[in-house]
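So that the names make sense, note that chain A is the first sequence line, chain B the second, and so on, each numbered from 1. Just the heavy atoms: all of them, side chains too, but no hydrogens, waters or symmetry mates, feed the values below. Everything numeric in this text was worked out from a predicted model, so none of it was measured.
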4 protein chains.
Amino acid sequence: MQTLKEEIKHRILSAALDEFDLHGYSQSSMRRIAAEAGIATGNIYRYYGNKEELFQALIRPTYLQFMNLILTIKEEVRGNLFKDVPEQMGLVDATFNRLITLLEESRKETKILLTQSQGSSFEHAKRELTDIIVQIFESVIFHGEGDIGPNEKTAVAILALTIVEGVCITLQNVTEREQIRHSFVELAAVFAAGLKEKAKA
Amino acid sequence: MQTLKEEIKHRILSAALDEFDLHGYSQSSMRRIAAEAGIATGNIYRYYGNKEELFQALIRPTYLQFMNLILTIKEEVRGNLFKDVPEQMGLVDATFNRLITLLEESRKETKILLTQSQGSSFEHAKRELTDIIVQIFESVIFHGEGDIGPNEKTAVAILALTIVEGVCITLQNVTEREQIRHSFVELAAVFAAGLKEKAKA
Amino acid sequence: MQTLKEEIKHRILSAALDEFDLHGYSQSSMRRIAAEAGIATGNIYRYYGNKEELFQALIRPTYLQFMNLILTIKEEVRGNLFKDVPEQMGLVDATFNRLITLLEESRKETKILLTQSQGSSFEHAKRELTDIIVQIFESVIFHGEGDIGPNEKTAVAILALTIVEGVCITLQNVTEREQIRHSFVELAAVFAAGLKEKAKA
Amino acid sequence: MQTLKEEIKHRILSAALDEFDLHGYSQSSMRRIAAEAGIATGNIYRYYGNKEELFQALIRPTYLQFMNLILTIKEEVRGNLFKDVPEQMGLVDATFNRLITLLEESRKETKILLTQSQGSSFEHAKRELTDIIVQIFESVIFHGEGDIGPNEKTAVAILALTIVEGVCITLQNVTEREQIRHSFVELAAVFAAGLKEKAKA
DNA sequence: CATGAATGAGATTTCATTCAT
DNA sequence: GATGAATGAAATCTCATTCAT
């Protein structure tokens, strides 16, 4: 009986994952999720009190892991501000390593969190994450010194978003662990080289 | 009378632009659009057969211009494959220039096309654009020779999406013509330097 | 086993009593009743075919006792029409005594019957009781003689309802046996004095 | 067109009045109200935002008039505490006069307010009214002096409720202005005489 | 042509009742 | 018999679309 309940729960979550992925939070239909899960519409509500609760059960763990990771990185970076560039780049690399590990376990959840959560309580997650990454980059690149003009701010915002969105597209295109890792390392190398070159100028 | 009709059409489109920008396609309300346009709800349907048709009238020109631009670039790049790297980088730069010009004339439309079109017939536009940019980058970077492994493919996909998403975030953050241009040049420089460095290795 | 069944029946009735008292018939929940009784939801239906049947099992005895009492009193009063006023007042007093005894044993059931039965087959019980009390009062006051105009009818209807509602409010405010009795005697005294005074005029 | 809207509004209110009267607030159905009003279900929401709003539009004016009346009376009584009994009884009589006038204009609304508002924001109206009437009676009867024991408190509560419920039953039985007035005067006389008699003892 | 009231399908949610285990 | 998961009808409410005026 417990097996049965867990089985249904799993089918609901699985159906919801596909539905939210396909239609986004607000256009997703509890009816369709129930139908896809092969149960009666009302039965979903025995497992998840409402649409938002179902969404949270699916997405919240991934959200928390992301925030945890990013905030930890932010603190680490802040503590290493005056170390040399290679070391900092090592930290950036470490960032990607952690991201990849996290993503390997929750590809679709992350995609939903970042691109399909409009109307839910996570609709600002992408901006939150991007804002923190911006702060990290500002620490790394500008050593916390000097003025950051609006042009630089935008460039950095784009870089930050690149990471977040790079995460998304990698999730859509790549399935194997080593490929994900390699893709990010590749991208990191481009950025590192590009930033170093710019720093010279 | 025709002038009158055009005036109303314009007011509908203007109201729709704000509504779609603010709420996204599927959460936008025909009633609110009519109210904002200062006409009766039902009157919209004299001008645009339904919600999707109104959306198309608003977004399709921008969509076509983008596809046109991107496909033109693709052909140009293909015809210049064996020129040297700096020249190719010049092409990449030209890409950005054209993009910027296009964006300066249709900021909101582009933002809607790329981030607020879920549920409409343009919901795959972002992926279409990204896919073509991927092909362009593959031409530029790998000279059409040799094998492109899955790792490289992903890295390139990320680069391509970076451009598209860079467009989006710039549109959200920057309002002045010169700032848009500067942000993109900045980002292009990072990529150019990074790719050149990688090419050496 | 029969003992067991009786035990469960009792627990269901006890839980239902509280639920109906608290939420009224139509807003009461079979699930909550089952939970409160410590049994499975579906198991209620082994004992009581449906919600209405459960309600009847709980409330019908009290309803019948009330009707019995009231109808008995009605007959007694009819048989004593030409006795003198003090004797009649004694009868009225007896009415209250019997009511109190009945109420002492089924406070909650009475409250539910009179104020929480909307949507059930007893939703007209209050009116039925009041109507009969009206008839009794008409016998007592007008000796069955003469015409009873609509004005008198209404006044009497109010008096009757006063008793019924007095019952309800007493049940809500007073918990001890002697207080219930005292409250009713008090009220009866006011009515008796008031009616006597009116009778002189 | 405005006439048409007013006509529909009137039909909705009329249908709602019957529905709430028959089934009580929480068991009333917007569908049935719409059907009874001869319009589509969704159309109600063009006129009243939701069920509660419709209920308020129907019942609130009556509620406010009642509270106004009762609180005015309370203040008047407080200002006349040491006048003699007949004069006070005159005030009680005035109370009834005002009540009657109010009731003549909103019979069903009052019945719904007092007996069919469970689940709405007016579900405590009856108790509020009764509580204030209790305070008035305590002023009148005990002149604000001495202790009021629990027995007296219950008796007074019953008297207060009698008035409120007397209002209800009169509304159900009597239709003509003069009859309503007469019934209440009659009842008032009984109470007045009864209380006087008791006061002697 | 313009209006905006009306429609009706579909969304989320609740709950008495049923039924496989 | 007991269980509680599942059902399915019905409730409230929204909104693109239609249509009488």
Side-chain angles (χ1 to χ4, degrees), chain A residues 1-9 23 26-34 37-54, chain B residues 1 4-5 8 26-35 37-54, chain C residues 1-2 4-5 8 26-35 37-54 119, chain D residues 1-9 23 26-34 37-54:
Chain A
M1 197 171 309
Q2 260 180 334
T3 323
L4 203 60
K5 274 189 65 173
E6 286 307 313
E7 155 73 6
I8 297 277
K9 238 183 179 178
H23 297 101
S26 62
Q27 289 308 293
S28 286
S29 153
M30 294 296 267
R31 273 189 195 174
R32 280 195 303 254
I33 292 171
I39 60 173
T41 313
N43 198 24
I44 285 191
Y45 293 85
R46 289 187 56 75
Y47 294 87
Y48 302 97
N50 53 41
K51 196 179 172 181
E52 173 71 27
E53 207 174 282
L54 171 57
Chain B
M1 184 156 333
L4 204 61
K5 278 183 63 173
I8 293 196
S26 59
Q27 294 303 297
S28 286
S29 152
M30 294 295 267
R31 257 205 280 272
R32 280 195 302 253
I33 291 171
I39 62 170
T41 313
N43 201 21
I44 287 189
Y45 292 84
R46 294 231 156 260
Y47 296 86
Y48 303 96
N50 54 38
K51 196 180 174 182
E52 173 69 28
E53 209 172 282
L54 170 57
Chain C
M1 185 149 341
Q2 259 179 337
L4 205 60
K5 280 184 61 172
I8 292 194
S26 59
Q27 293 303 298
S28 286
S29 151
M30 293 296 267
R31 257 207 278 275
R32 281 195 301 255
I33 292 171
I39 62 170
T41 314
N43 200 23
I44 287 188
Y45 292 83
R46 295 230 156 260
Y47 295 87
Y48 303 97
N50 54 39
K51 198 179 174 181
E52 173 69 28
E53 208 173 282
L54 170 57
Chain D
M1 198 171 307
Q2 261 181 333
T3 325
L4 203 59
K5 275 189 64 173
E6 286 307 313
E7 154 74 6
I8 297 278
K9 240 182 177 178
H23 297 102
S26 62
Q27 289 308 293
S28 286
S29 152
M30 295 295 267
R31 273 188 196 174
R32 280 195 302 253
I33 291 170
I39 61 173
T41 312
N43 199 23
I44 285 190
Y45 293 86
R46 289 188 55 76
Y47 294 87
Y48 302 97
N50 53 42
K51 196 179 172 181
E52 173 71 26
E53 207 174 282
L54 171 57

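- Atom CD1 of D:Ile44 is separated from atom P of F:dT12 by 9 Å (rounded to the nearest Å).
- E:dA20 is paired with F:dT3 under the criterion used here, namely a Watson-Crick or G-U wobble arrangement in which both key atom distances are under 3.5 Å.
- If you take OH of D:Tyr48 and C1' of F:dT12, they are 18 Å apart, rounded to a whole angstrom.
- Side-chain contact between C:Asn50 and C:Glu53 is present, with heavy atoms from C-beta onward closer than 4.5 Å.
- Across all strands, A:Ser29 comes closer than 4.0 Å only to sugar-phosphate atoms, never to a base (heavy-atom distances).
- Straight-line distance from the CD1 atom of C:Ile33 to the P atom of E:dT17: 11 Å, rounded to whole Å.
- Between the A:Gln27 side chain and the A:His23 main chain, no donor and acceptor come within less than 3.5 Å of each other.
- C:Ser26 comes within contact range of no nucleotide atom at all, as no heavy-atom separation falls under 4.0 Å.
- Distance CG (A:Asn50) to C1' (F:dT12): 16 Å, rounded to an integer number of Å.
- Checking F:dC13, F:dG8, F:dT3 against the side-chain heavy atoms of A:Ala40 singles out F:dG8 as nearest.
- Taking atom CZ of residue A:Arg32 and atom C1' of nucleotide E:dT12, one finds them 13 Å apart after rounding to whole Å.
- In this structure, A:Arg31 places its CZ atom 9 Å from C1' of E:dA9, rounding to the nearest Å.
- With D:Lys51 contributing its side chain and D:Ser28 its backbone, the two residues share a donor-acceptor pair below 3.5 Å.
- Counting heavy atoms from C-beta outward, A:Lys5 and A:Ile8 have side chains that stay 4.5 Å or more apart.
- Residue-to-nucleotide proximity on DNA chain E shows that, of C:Arg46 and A:Asn43, the 5′-proximal contact is made by A:Asn43.
- Residue whose closest nucleotide on DNA chain F sits further toward the 5' end, between A:Gly42 and B:Ser28: A:Gly42.
- Separating the NZ atom of C:Lys51 from the P atom of E:dC15 is a distance of 9 Å, rounded to the nearest angstrom.
- Considering only side-chain atoms of A:Ile39, the nucleotide from E:dT7, F:dT7, E:dT13 that sits closest is F:dT7.
- You'll find that the side chain of A:Tyr45 is closest to E:dT13, out of F:dG4, E:dT13, F:dC13.
- Closest approach of D:Ala40 and D:Ala34 over heavy atoms only: O-CB, 3.9 Å.
- Rounded to whole Å, atom P of F:dA16 lies 15 Å from atom CD of B:Glu53.
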